[in-house]
Amino acid sequence: MIRRDRVLSAAVAVGVLFVVVHALLAAFGSPVLRSLADALSSVVLIVTFGLMLVAARDRRARQGTGRIWLLFALSTALAAGGWAAWSGYAPVADAFFVAAAAVAVSGFLAALHPDHRSGRFWLGFDLVLVAAGAGALGWRLFLHAGLDATIASDRTTAIVYPICGLATVLFLVPMGVFGGRRLPASLTLVGWAHVVAAACGCLTLVAGLSDRVDPADPVLASAYQAPVVFLALGALTAIRSPESDGVHFPVGRDVTMLPSLVAAGAAVIGLVLVDARTTGVQVPLLVAGLVVIGLLTRLALVVRDRTRLADQLAEALAEQQRLAITDALTGLSNRRYFEQSLATEVVRARRNKRPLSLVVLDLDNFKQINDRHGHQAGDAALVQVGTLLQVITRDSDVVARYGGEEFVWLLPDTDEEGAAAMAERLRGTLASHPVALPTGDPLWITGSLGVASAQETIDATVLTASADEAMYRAKSEGRNRVVRATQLQGATDAHGGDGADRAEPRPGRGEPGAVRR
């Protein structure tokens with residue numbers, strides 16, 4: 001997507017150039033150049049904040065999801081406040097940075113669309129379990145050994161940053177793994193921003209604990225500019241892309257067991273490590289921990305089996321719903337679905353003031369096919385006509401078997417002239433392609449088609465009746481032809497009446513072969 005969009009491509013180039021220039025300015029060590037680098041960072045932060053506000057406005061107008069980017073904008077503003085307060089009063093900067101991380105997590109949480117109302121709560125609960133278990137294990141393995149009572153307070157507060165970053169990453173991992181086939185590009189870029197920020201926070205902490213690398217190293221400071229670039233690119237992508245901000249998250253399925261397993265495993269490992277430092281590894285504690293992990297694993301397997309059963313039931317229900325609106329013989333939509341679609345398209349055509357057309361097709365002399373060749377031949381003819389309709393119609397059209405040998409074809413955004421042309425194409429294709437009987441012999445079959453259209457005043461009953469009457473006129477005029485409803489109106493006007501002087505009454509719907517001679 002970035003390659004296709006010139007603005008996004010240019011933004012990527014500018015972002016890379018910004019990071020390189022910032023690193024060069026900070027690496028020379030001159031106070032003036034470092035001040036220039038800080039000023040440049042401030043400008044980029046302001047631009048990023050502005051882009052997020054624009055994204056929030058656009059998303060609110062288009063999809064009603066502007067609160068997501070409004071939260072990201074607030075997080076960016078808090079981070080900017082932290083950088084501004086860094087040289088003056090460190091505790092205030094710490095508060096800003098922690099608040100920025102919390103608001104960012106709230107933004108990702110707002111982007112989730114769980115399966116049920118309490119889904120966000122349970123997702124947050126599971127992520128707290130993961131953060132607690134992983135945090136306890138990380139503290140025991142990496143941090144506790146490097147801290148003592150004499151450590152400086154600035155190093156102690158620095159621990160907060162990687163913890164916040166890792167908590168955000170732990171929040172993002174389930175979204176990336178279980179949040180659908182593909183996350184929106186804008187949210188992915190924002191997620192990478194927080195991943196890079198978490199890595200920078202860990203590097204800063206390691207540098208402070210090891211006394212080998214200065215936490216204020218220019219290169220390390222320039223690395224913090226990469227997350228800002230990712231944030232800006234994410235906001236710009238949200239502005240220029242019609243993608244959805246929502247992430248469907250199947251909360252309540254197998255994913256809810258993963259945090260429990262991670263948390264339990266981390267807690268057990270942490271207890272074993274603590275016990276090993278004091279009295280040595282005790283077998284009962286190790287066995288108890290393995291039993292807990294085993295029970296949780298067994299529970300996960302039970303949940304997985306239940307989930308599979310639920311999926312099978314959902315598929316069966318979806319199949320029943322499909323069969324309820326599908327003609328069993330031809331595979332086309334049935335009369336019920338057509339009537340629902342017709343009502344929907346009528347409302348849409350009225351609202352948008354767009355034309356709506358209907359084509360009614362009735363196979364000629366179908367009763368003779370059943371009488372001469374048997375009902376299996378008639379069924380074969382219906383199936384092949386249905387296949388032909390599926391091939392020749394558009395994706396936006398609605399094609400259905402209305403009953404017997406009669407088919408209906410609904411054409412949105414199509415006037416009568418266009419619908420008549422497509423109906424003529426269908427008539428010619430039907431007449432030039434014989435139907436293969438079960439015996440293998442070809443059977444030539446034709447159809448009579450009626451076309452009706454409406455644009456300003458659209459009524460479903462009138463539209464259906466007009467197309468139906470045009471179809472019967474096509475039969476009365478010799479079959480294998482297309483008749484428009486406007487042609488009937490012209491004939492009525494020419495006779496000076498409303499059609500009441502016709503020689504025969506209109507045959508009933510769905511009566512095979514009931515045509516005027």
Side-chain angles (χ1 to χ4, degrees), residues 1 4-5 54-69 113 184 186 237-246 248 321-322 324-327 332-361 386 389-402 406-427 449-471 482-490 492-493:
M1 183 181 61
R4 291 194 302 265
D5 193 310
V54 174
R57 182 198 63 187
D58 291 351
R59 289 293 181 172
R60 180 180 180 183
R62 286 183 291 175
Q63 300 171 347
T65 56
R67 67 184 183 279
I68 300 172
W69 290 97
H113 290 169
S186 56
T237 302
I239 295 172
R240 298 188 59 82
S241 172
E243 64 184 7
S244 172
D245 281 330
H248 177 72
Q321 293 175 344
R322 186 191 67 82
I325 60 174
T326 303
D327 178 61
L332 299 176
S333 301
N334 58 14
R335 178 171 179 169
R336 173 186 176 186
Y337 180 78
F338 164 74
E339 292 175 346
Q340 294 174 352
S341 300
L342 177 60
T344 301
E345 291 297 336
V346 165
V347 173
R348 190 177 70 88
R350 288 175 181 171
R351 181 176 63 249
N352 300 332
K353 297 182 179 180
R354 300 289 298 169
L356 179 65
S357 297
L358 175 64
V359 176
V360 176
L361 163 67
L389 279 167
Q390 290 177 328
V391 171
I392 204 171
T393 55
R394 305 170 301 183
D395 292 338
S396 59
D397 299 341
V398 178
V399 183
R401 183 187 177 196
Y402 201 83
E406 188 172 349
F407 300 84
V408 285
W409 179 7
L410 189 62
L411 299 95
D413 298 326
T414 307
D415 57 15
E416 187 180 80
E417 183 177 357
M422 299 181 72
E424 178 61 32
R425 178 188 173 192
L426 172 61
R427 185 206 63 79
L449 298 94
V451 181
S453 179
Q455 182 166 0
E456 297 180 356
T457 303
I458 302 177
D459 183 87
T461 303
V462 174
L463 184 65
T464 304
S466 299
D468 194 54
E469 187 174 1
M471 181 269 294
V482 176
V483 174
R484 303 186 191 181
T486 53
Q487 295 174 341
L488 300 182
Q489 296 175 2
T492 300
D493 295 340

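Note that this is a predicted model, so its numbers are computed, not measured.
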Spacing of [atom1] belonging to [X] relative to [atom2] belonging to [Y], to within rounding of 0.5 Å:
X      : Y      : atom1 : atom2 : value
Glu416 : Gln487 : CD    : CD    : 7.5 Å
Asp397 : Ile392 : CG    : CD1   : 11.0 Å
Leu410 : Ser357 : CG    : OG    : 8.5 Å
Leu449 : Glu424 : CG    : CD    : 8.5 Å
Leu356 : Glu345 : CG    : CD    : 6.5 Å

Within the structure provided, determine whether [X] and [Y] are in side-chain contact (heavy-atom separation under 4.5 Å).
X      : Y      : result
Met422 : Val359 : no
Glu417 : Arg484 : yes
Leu426 : Trp409 : yes
Thr464 : Val360 : no
Val408 : Leu342 : no
Val399 : Gln390 : no

Looking only at side chains, do Ser186 and Thr237 share a donor and an acceptor under 3.5 Å apart?
no
More than 12 heavy atoms of other groups within 6.0 Å of Arg336 CZ
no
Search all heavy atoms of [X] against all heavy atoms of [Y] and return the closest pair with its distance.
X      : Y      : result
Ala485 : Ala470 : N-CB, 4.0 Å
Ala400 : Asn334 : CB-O, 3.8 Å
Asp459 : Arg350 : CA-NH2, 3.9 Å

Go through the steps to decide whether Arg348 and Asp413 satisfy the test salt bridge (Lys or Arg N to Asp or Glu O under 4.0 Å), and finish with yes or no.
CA-CA 10 Å; Arg348 190 177 70 88; Asp413 298 326; 3.7 Å; yes
When you measure from the side chain of Thr414 to the backbone of Pro412, do you find a donor-acceptor pair of N or O atoms at a distance under 3.5 Å?
yes
Using atom types as modelled and distance alone, determine if a side-chain donor or acceptor of Arg59 lies under 3.5 Å from a backbone N or O of Ile68.
no
Only one of Tyr337, Phe338, Phe407 passes ring-ring contact (aromatic ring centres under 6.0 Å, His included) with Tyr402, and that residue is Phe338
Qualifying residue, where the test is side-chain contact (heavy atoms from CB on, under 4.5 Å) with Glu406 and the options are Arg401, Met471, Arg335
Met471
